[in-house]
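As the structure lists them, so they are numbered: ligands from 1, and atoms in each ligand from 1. Sequence positions, counted from 1, serve as the residue numbers for this chain. All figures in this text were calculated on a predicted structure; none of them were measured in a lab.
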Amino acid sequence: MSVENLAISFGSNQVLKSVNLELHAGETLGVIGPNGAGKTVMLNIMTGILKPDGGRLVFLGRDILKEGVVERVRMGLGRTFQIPRSFRNMTAYENSLVGAVFGSGLTERAAGARARDILDMIGLSGKKLEPAGKLGLLDRKRLEIGVALATGPRALLLDEAAGGLTESEVAEILGIVRKVKESGVGVIWIEHVLQTMLHGTDRVMLLAEGRDVICGRPRDVMSSREVEEAYLGAGVGARTRRKRA
Ligand SMILES: Nc1ncnc2c1ncn2[C@@H]1O[C@H](COP(=O)(O)OP(=O)(O)OP(=O)(O)O)[C@@H](O)[C@H]1O
Ligand SMILES: [Mg+2]
């Protein structure tokens, strides 16, 4: 996937000015940035929920900005939502099945097999008959990824898939994402938990002030002046540097 000069405003609020990124098969790209930086907006543009004012979005060699939400899912763009959106009264298995049937157009039989494989892969087989609404947060987060995987994505977009989880729970999500990556899927992973970004991604991009400010090796980006300034405010960063100097 490649994104060029993506821009969007809501009234006078220019949220994205120019965002550029590339995602390769089998790669995990972490995206960090302060609250309100436009990370979710960027995913909403990629998946077709929002229409940008300008820019290009090329996926598998095609500019897909004119495609609808469903077409993009069918082309292989899967996503999770910051607040899990499973169907609460349906079981974990039924939720996974919905992803497989509607997201990838498999026959019912093939979709059933895929739904079961995915529950296995995300560690939810033991709870497949539980209503999604009764699951705890970790299991709902797992299922959110599972439903996206059931659509058969070539790129998976994760919006805070590990948000609100304890350290050991985050490790479970890291394990799932690693398996997804190893299967050749490209992953964009938005997350505030910096440890997750260090251990679970190949590259990290900082989104701030409407731009892809810096992108590189996780360790380098995390310890960069750009990240310090984006999270602490430019004034504080500049003061700290002067003091160090
Ligand atoms: N549909 C919309 N209409 C108007 N403004 C919007 C819309 N969606 C997002 N915004 C605004 O865009 C900005 C970026 O929001 P976004 O949700 O992308 O931030 P974020 O980086 O995901 O933050 P967080 O880390 O808190 O999830 C905010 O100012 C938000 O109010
Ligand atoms: Mg967000």
Colleague: What's the shortest distance from atom 18 (O) of ligand 1 to any protein heavy atom, and which residue and atom give it?
Modeller: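 Checking every protein heavy atom, the shortest distance to atom 18 (O) of ligand 1 gives Val41 N, 2.9 Å.
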Colleague: Report the protein N/O/S neighbours of the Mg ion (ligand 2) that fall below 2.8 Å; do not count waters.
Modeller: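 Per the 2.8 Å query on the Mg ion (ligand 2), atoms found are Thr40 OG1, Gln82 OE1.
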Colleague: Roughly how far, to the nearest 0.5 Å, is the CG atom of Asp53 from the CD1 atom of Ile8?
Modeller: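 Taking CD1 in Ile8 and CG in Asp53, the distance rounds to 5.5 Å.
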Colleague: Given side chains that start at C-beta, do those of Met222 and Ile32 come closer than 4.5 Å, heavy atoms only?
Modeller: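 Contact flag for Met222/Ile32 side chains = yes.
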Colleague: Do the non-hydrogen side-chain atoms of Met42 and Leu157 ever get within less than 4.5 Å of each other?
Modeller: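 Heavy-atom side-chain distance check fails, nothing below 4.5 Å.
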Colleague: Could you report the tightest heavy-atom contact between Met46 and Leu21, atom names first, then the distance?
Modeller: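 Where Met46 meets Leu21 most closely, the heavy atoms are CE-CD2, 4.0 Å.
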Colleague: What do you reckon, does Val15 have a nitrogen or oxygen under 3.5 Å from a nitrogen or oxygen of ligand 1?
Modeller: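 Looking only at distances, the answer is no, because the N/O contact criterion of under 3.5 Å is not met.
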Colleague: With a 4.5 Å heavy-atom cut-off, do Val180 and Met121 have their side chains touching?
Modeller: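 Heavy-atom side-chain distance check passes, below 4.5 Å.
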Colleague: For ligand 1, is there an N or O atom under 3.5 Å from any N or O atom of Gly33?
Modeller: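 No, since none of the N or O atoms of Gly33 sits under 3.5 Å from an N or O of ligand 1.
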Colleague: Can a donor-acceptor pair be found between the side chains of Asn5 and Ser18 at a distance below 3.5 Å?
Modeller: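 Note: Asn5 and Ser18 side chains meet the donor-acceptor criterion.
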Colleague: Mark yes or no for whether Arg116, through its side chain, and Ala111, through its backbone, hold a donor-acceptor pair below 3.5 Å.
Modeller: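 No; zero donor-acceptor contacts below 3.5 Å.
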Colleague: Would you say Leu50 has any N or O atom under 3.5 Å from an N or O of ligand 1, going by distance alone?
Modeller: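 No, Leu50 has no N/O under 3.5 Å of an N/O on ligand 1.
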Colleague: What are the atoms of ligand 1, with element, lying closer than 4.0 Å to any heavy atom of Gln82?
Modeller: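 That gives atoms 27 (O) of ligand 1.
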Colleague: Which ligand 1 atoms, with their elements, are less than 4.0 angstrom from a heavy-atom of Glu160?
Modeller: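 Under 4.0 Å from Glu160, ligand 1 has these atoms: 25 (O), 27 (O).
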Colleague: So which of Ile8, Val31, Asn35 gets nearest to atom 26 (O) of ligand 1, if we judge by its closest heavy atom?
Modeller: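 Minimum heavy-atom distance to atom 26 (O) of ligand 1 goes to Asn35.
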Colleague: Kindly confirm or rule out an N or O of Phe10 lying under 3.5 angstrom from an N or O of ligand 1.
Modeller: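 So ligand 1 has no N or O lying under 3.5 Å from an N or O of Phe10.
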Colleague: Hey, are Thr80 and Asp159 close enough side-chain-wise for a donor-acceptor pair under 3.5 Å?
Modeller: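 Absent: no donor and acceptor within the cut-off.
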Colleague: Of the protein's non-hydrogen atoms, which lies at the shortest distance from atom 17 (O) of ligand 1, and what is that distance?
Modeller: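 Residue, atom and distance for the closest contact: Thr40 CB, 3.7 Å.
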Colleague: Without swapping roles, check the side chain of Glu191 against the backbone of Ala162 for a donor-acceptor pair under 3.5 Å.
Modeller: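 Yes, Glu191 side chain to Ala162 backbone: donor-acceptor pair under 3.5 Å.
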Colleague: Please list the nearest protein heavy atom to atom 23 (O) of ligand 1 with its residue and the distance rounded to 0.1 Å.
Modeller: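 The answer is Gly36 N, 2.8 Å.
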Colleague: Cationic tip of Arg79 within the cone over Phe81's six-membered ring, i.e. under 6.0 Å and within 45° of the normal?
Modeller: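 Yes - Arg79 lies over the ring of Phe81, closer than 6.0 Å to its centre and within 45° of its axis.
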Colleague: Given the rule that I, L, V, M, F, W and Y join up when any side-chain heavy atoms are under 4.5 Å apart, are Ile64 and Leu60 in one cluster?
Modeller: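 Result: yes, single cluster for both.
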Colleague: Which bit of Met42 is near ligand 1, meaning a heavy atom under 4.0 Å away: side chain, backbone, both or neither?
Modeller: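 Contact part for Met42 vs ligand 1: neither.
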Colleague: For atom 29 (O) of ligand 1, which protein heavy atom lies nearest, and how many Å away is it?
Modeller: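 Atom 29 (O) of ligand 1 sits closest to the protein heavy atom Asn13 ND2, 3.4 Å.
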Colleague: Would atom 7 (C) of ligand 1 count as contacted, meaning some protein heavy atom under 4.0 Å?
Modeller: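 Yes, there is one.
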Colleague: Rounded to the nearest 0.5 Å, what separation is found between the CD atom of Glu172 and the NZ atom of Lys141?
Modeller: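 One gets 14.5 Å once the value is rounded to the nearest 0.5 Å.
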